[in-house]
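What follows is a single structure, written as structure tokens, with notes after it.
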2 protein chains.
Amino acid sequence: MTDQLADLTAQSTNFAMPDLRPLLAPRAIAVVGASDRPGAGSLVLENLRRLDFAGAVYPVNPKYTELHGWRCYPSLRDLPGPVDCVAILLGYQRVLPALQEAAAVGARAAWALASGFGEAGPAGEKLQAEAAAFCRANDIALVGPNCIGVVNLHARAAAYSVALPPTIQPGRVAAVVQSGAVCLGIANANRGLGFSALISSGNEAVLENADYIAWLADDPQTAVIIAFIEGFKNPARFVWAARRAAAAGKPLLVVKVGRSAVAQRAALAHTGSLAGADAVHDAVFRELGVVRLNTLDELLEAAELFLKAPLPKGRGTAILTLSGGQIGLIGDLLEGDAHRWGADLRLAELSSAGRQALAAILPPYSAIANPLDAWGSGDFEATYPACLEVLAREPDVDVIAVSRDSPPGIAEREIAQSNVVVDAAARVAAASGKTVAVFANVSTGIEPRVKARADAVGLPLLQGTRESLAAIAGLIRYAEFRAQLAERGRALFAEPAASPVSADRLAALKRELAASSHSLTESQGKRLLAAYGIRAPQEALASSADEAARLAAALGRPVALKIASPDILHKTEAQGVLLNITGAEAVRDGYQRIVQSARRHSPQARIDGVLVQEMAPAEAVEVIVGATVDPQFGPVVVFGMGGILVELLHDAVLRLAPVSLASAMEMIAATRAGRLLTGFRGRPPADIAALADAIVRISYLAHDLRHEVAAVDVNPLMALPAGQGVMAVDALVVRR
Amino acid sequence: MTDQLADLTAQSTNFAMPDLRPLLAPRAIAVVGASDRPGAGSLVLENLRRLDFAGAVYPVNPKYTELHGWRCYPSLRDLPGPVDCVAILLGYQRVLPALQEAAAVGARAAWALASGFGEAGPAGEKLQAEAAAFCRANDIALVGPNCIGVVNLHARAAAYSVALPPTIQPGRVAAVVQSGAVCLGIANANRGLGFSALISSGNEAVLENADYIAWLADDPQTAVIIAFIEGFKNPARFVWAARRAAAAGKPLLVVKVGRSAVAQRAALAHTGSLAGADAVHDAVFRELGVVRLNTLDELLEAAELFLKAPLPKGRGTAILTLSGGQIGLIGDLLEGDAHRWGADLRLAELSSAGRQALAAILPPYSAIANPLDAWGSGDFEATYPACLEVLAREPDVDVIAVSRDSPPGIAEREIAQSNVVVDAAARVAAASGKTVAVFANVSTGIEPRVKARADAVGLPLLQGTRESLAAIAGLIRYAEFRAQLAERGRALFAEPAASPVSADRLAALKRELAASSHSLTESQGKRLLAAYGIRAPQEALASSADEAARLAAALGRPVALKIASPDILHKTEAQGVLLNITGAEAVRDGYQRIVQSARRHSPQARIDGVLVQEMAPAEAVEVIVGATVDPQFGPVVVFGMGGILVELLHDAVLRLAPVSLASAMEMIAATRAGRLLTGFRGRPPADIAALADAIVRISYLAHDLRHEVAAVDVNPLMALPAGQGVMAVDALVVRR
């Protein structure tokens, strides 16, 4: 974890775990606005009846004396006993009065269904702020408003306004979903996942997704937390919650939406627009071990896999299929989504012993490869199990994905075959301890008898080629995070930061910045970079040809010679520039020619001499290193390919600042620019070590000066050939 | 359609429609290798029994006298009557003898299950070639080998070796699937699509996917053709079949796999590797109106949509949702897959009258936008239908996508609500004639009663946010293809080609090329381009300072001055180059200085004078235009951003050559380079008309000389500011 994240997590001492028992395990629930008419007023009671809630249920509505078999009370003040949780089903104008009554009768939790609050303009925002302030002052854990409530399937408790599906089962997946309709989609999905809790968090006036996540991290009934997040009320609190989940060993799987809008919102400077807040989220998630997915389908498949599969020891993945067509499908998806999965899911190399063993199982004409087509001569009930045994013994295989479609409605014979595959996969998984999953290439549900067979032995059954691959890549990424966590322990969350500048020097830089204008001049920017150890091209004024030659020799590189005269603005027109000059003789000669040309061009000009400027060799590669300050997560550093097209190309990678040298090396390797730097088309390899060091230094600059500097843009930074370092040709620094 | 495609389609006169009635509507079927043991030998008979096939069934196996209630015969020669189709379930060595027997008894169709043929090395290839030659000579339509056979659900006929699902229904979707396992996946998918035919084409020794597609285009029972294609045996034949489908008004939806492998195979020259055969497939599919999808899930959802929805009149799409969370999910997917869908699916603009009408339906705090959150205050049974009515009246709305999840197992109340949505969507679709689809954000099947309700009125119900959007984008693209087809009629398939060079001149160019070596020199390449009207920078030799100034003035641009001497190879070292010189005085002066420098550097050198060379102004943009010859589909032209990183960046677009001016303009607009050309970061807009003209000319060069030239690479082509044309700075031409 970077120092910046450590900064955020340092605040975690300020965060107390909310007590959600009154909400999620209440002894008594009151339902204000209960009704017998179709709608929320009735459904909340129906859900409690369906769950067979063991506590007291108090419908509240002056119009009724009884509802769904429970006695109905005219107001909260009339209840016969204490109440933990109050469900408020009234319109938005009546929510605050209801909360006041709830506080008066000692309730510690409440849920407000109504919309018309924070999402509805200034008047709604004011109402929401009042309700939130009241709940905070009176220690009420408020869900919503503007959401469909919560369910705890183990406690059989619910304050939930939509009809629960009859098929829903208690289990070990907890869902925290900001959107009501998406919560409903997940609750209703019929994907065979049992749930511990379903929470729609809505406007998050008081309780935010971080509170639920942190509480669920401690909940013994929950093994996997899935979340659908639209925004973070309080990023530091999310970091705290994600850390608690990591510490508890509970995977946190997230769909985070809002890319498009959020990206438009964040446009600080050049690299600001490159970065985009969404890339910051990616970086934060990666560092916290939060697994990001893109659709609800991917989220559900990942939940199935994370719930059941052991964590793999490495990235090597073997894929067993029934045809070359399936291999084509898988191969194309792996390549197409390589930018997301490629680094995580690696097709395992088969050993020659393994290849021979597979060849012995399959017909002589079979291609032995990974992914493997094990259709054989149609006798895959024999070949599949045998091939699975071989693959599980392969040293480079950490994960085995087994392609087999078993949608509902298939023939008995197909069910029997699927069960052969399930049994073999389960057997191999148990014997090898490796990660084994069976996946279908169509997403139309799973035949119940096949599903039951797999569930009985805890074998994950996935659906959808794309979704299955995304889930597996996510599991591998998470396993690597856990391995790092185990290895580095707490250090992962508090890597010591060491700025390249001293505290005194930093204080001086801050004073200088305080005095400067909105954008620093190029030379001011370069001085700031120099303070962080990033050098600009060297230059010096020569007042004679001999001095120019001496200076050039000292630089030890090709030089540019430029006429130095306060009266000549357009040096090129005055023939006052020569590029790429090497050798003492040529420099001396160039000096003379430039001075002569300038005199001819402007006979009256004062001439101070000739500027001798270090030039990057032709083999240098232009890259960009930038930094910006994310409004939520703080300073970030960006690395990408240089040149003026940088905004267009999106070949950039971003990390929270500051970064370690190892992270900087990873950033370089993750870009296409990185490929270029290792030597491409006859170019020599660039000084990658020096480039990584420069990224670290610029990341510290962004971190140290995060209150003073909004954006840094070193473009281009010339990466010189190996051993020669880097050179900042231009630098833009924007003040906050 | 381009001329090249017209070339391919011109061959269509050579293609005869195969007679697939003996295969797909046989009067009698013989099953050689029938058996009572579990496996194909039994399953083929079980399938015929299940379908209640009305024709004669002849099991053939000397070991049995009766199988599954049918009399069994020792050999084909013993059958009591004529047979149309012979299913051959024997091992690969015994297939040819069985075909010979089949021919002897007058069968006109056969299917071979066995693998071990063309996919299995030289021996298998030989066996397959013999079988194919025999079938062609004896007029036998052969399916496979190495596949699971065919089913015609209307004729209730099958030669199919896998147990058909009991749920399968006759319908109007035909599936042509090269891979057996994928065919099985589609047949078993339980997606509620009825099928006319299921065809696994396997190795395609005789019948290839094009034959089935063409036949199905004429089949009155088929409305939509879906195909899973691994490769084209005969691209011209595929073009012919796709044209027949287009002419018959039947959408052809395709998953084409093999991107990764195929891309490696095609690496001719610089642009060859850029192009990649897969991009050629994209281009061919787009021109033929073939809708390409990426997964089986996308294919199935597209089939559902194409089967039921009317074609939209335009791209304007309104999306009705139940939450901001769903909008975030949809928005992010639209942006994330913009490179595939962006140009097709456009979020419609709402009129101010429409906005007012929506505001009147929804609570006062609602955000009125597209996508629209119509959850209201939870009363969407009222708001959804009303909002749908408004959206259907909007002039910019051509398609309405309605978000509503209805997976199996939901509560009664949810079913009722889904049915309200289905009814309203169906009502609005019927009244407006617009394209309306309801889609779910989870892919776990559809509640049967909701599905039945939608099916009864022909309303498409889709599943999966991503898959639904992909299907809608495909429908819009296809509708545009149909509109063009209707407008231009046959012209679309035979756009008249007009090469910029005359037939005589072309013949002369071919003679010159025949005499040249593998790669043309730069000046030969530039001469070839000049013949096609693409100019290189002008240059001329000056033998005096005054002549240099005259020549520079005639060019009317900045010039480069370069020493012209057969004895000076390294001009720069000799200070023999000056760049960007303007003005007569500066040119004269430059001439003198260059000659002096050269004399000083090499006193013995012969000096011919100074080359005066036109330079592109600094505002010119470097682009690349290239061409290559796809081994299957012929010459293609590529346009992309220039510079040495061109291979890395993949910002390129490809079309079959030659292209029209309109296509060339589209190519430019489709790239990021195109954005740069319209003016970016203070650059002036480039001469896009001239650039498009150059693309057309280079595409004709590639087309005219497709037998002589393997690759053309104009890199960079400088696009000068508007009105100033283009300039080919370098040209690589590779002979075939």
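Labels below follow one simple rule: chain letters A, B, ... track the order of the sequence lines, proteins then strands, and each chain is numbered from 1.
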Within the structure provided, determine whether [X] and [Y] are in side-chain contact (heavy-atom separation under 4.5 Å).
X      : Y      : result
B:L329 : A:L296 : yes
B:I186 : A:V442 : no
A:R466 : B:N294 : yes

Side chain, backbone, both or neither: which part of [X] has an atom under 4.5 Å from a heavy atom of chain B?
X      : result
A:A189 : both
A:I581 : side chain
A:Q178 : neither
A:P363 : neither
A:T582 : neither
A:L184 : side chain
A:D589 : side chain
A:L113 : neither
A:V255 : side chain
A:Q575 : side chain

Quiz item: Of the listed residues (A:D405, A:T167, A:T444), which shares the most heavy-atom pairs with chain B below a 4.5 Å separation?
Solution: A:T444
Quiz prompt | Largest heavy-atom contact set with chain B, pairs under 4.5 Å, which of A:G583, A:P165, A:G445 | solution =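 Heavy-atom pair counts peak at A:P165.
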Quiz item: Is the closest side-chain donor-acceptor distance between B:S443 and A:D297 under 3.5 Å?
Solution: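 Yes, a side-chain donor-acceptor pair sits under 3.5 Å.
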Quiz item: Do you know which two heavy atoms are closest between B:E414 and A:A163, and how far apart they sit?
Solution: CG-O, 4.2 Å
Quiz item: Nearest heavy-atom pair of B:S179 and A:G325: which atoms, and what distance?
Solution: CB-CA, 3.7 Å
Using non-hydrogen atoms only, which part of [X] is less than 4.5 Å away from chain A: side chain, backbone, both, or neither?
X      : result
B:S597 : side chain
B:Q463 : side chain
B:I327 : neither

Quiz prompt | Proximity of A:Y92 and B:Y365 rings by center, below 6.0 Å | solution = yes
Quiz prompt | side-chain contact (heavy atoms from CB on, under 4.5 Å) evaluation trace for B:R413 with A:L43 | solution = CA-CA 9 Å; B:R413 168 100 177 125; A:L43 285 164; 3.5 Å; yes
So which residue, [options], ends up with the most heavy-atom pairs under 4.5 Å with chain A?
options                       : result
B:E46, B:R593, B:E585, B:E381 : B:R593
B:L579, B:L322, B:N188        : B:N188
B:S115, B:P364, B:A123        : B:S115

Quiz prompt | Trace of the side-chain contact (heavy atoms from CB on, under 4.5 Å) decision for A:I410 with B:N190 | solution = CA-CA 8 Å; A:I410 52 175; B:N190 196 35; over 6 Å; no
Quiz prompt | Trace of the side-chain contact (heavy atoms from CB on, under 4.5 Å) decision for B:K256 with A:D332 | solution = CA-CA 10 Å; B:K256 167 75 186 71; A:D332 284 3; over 6 Å; no
Exercise. Carefully, step by step, assess A:T295 and B:L333 under the rule side-chain contact (heavy atoms from CB on, under 4.5 Å).
Key: CA-CA 8 Å; A:T295 62; B:L333 286 171; 3.9 Å; yes
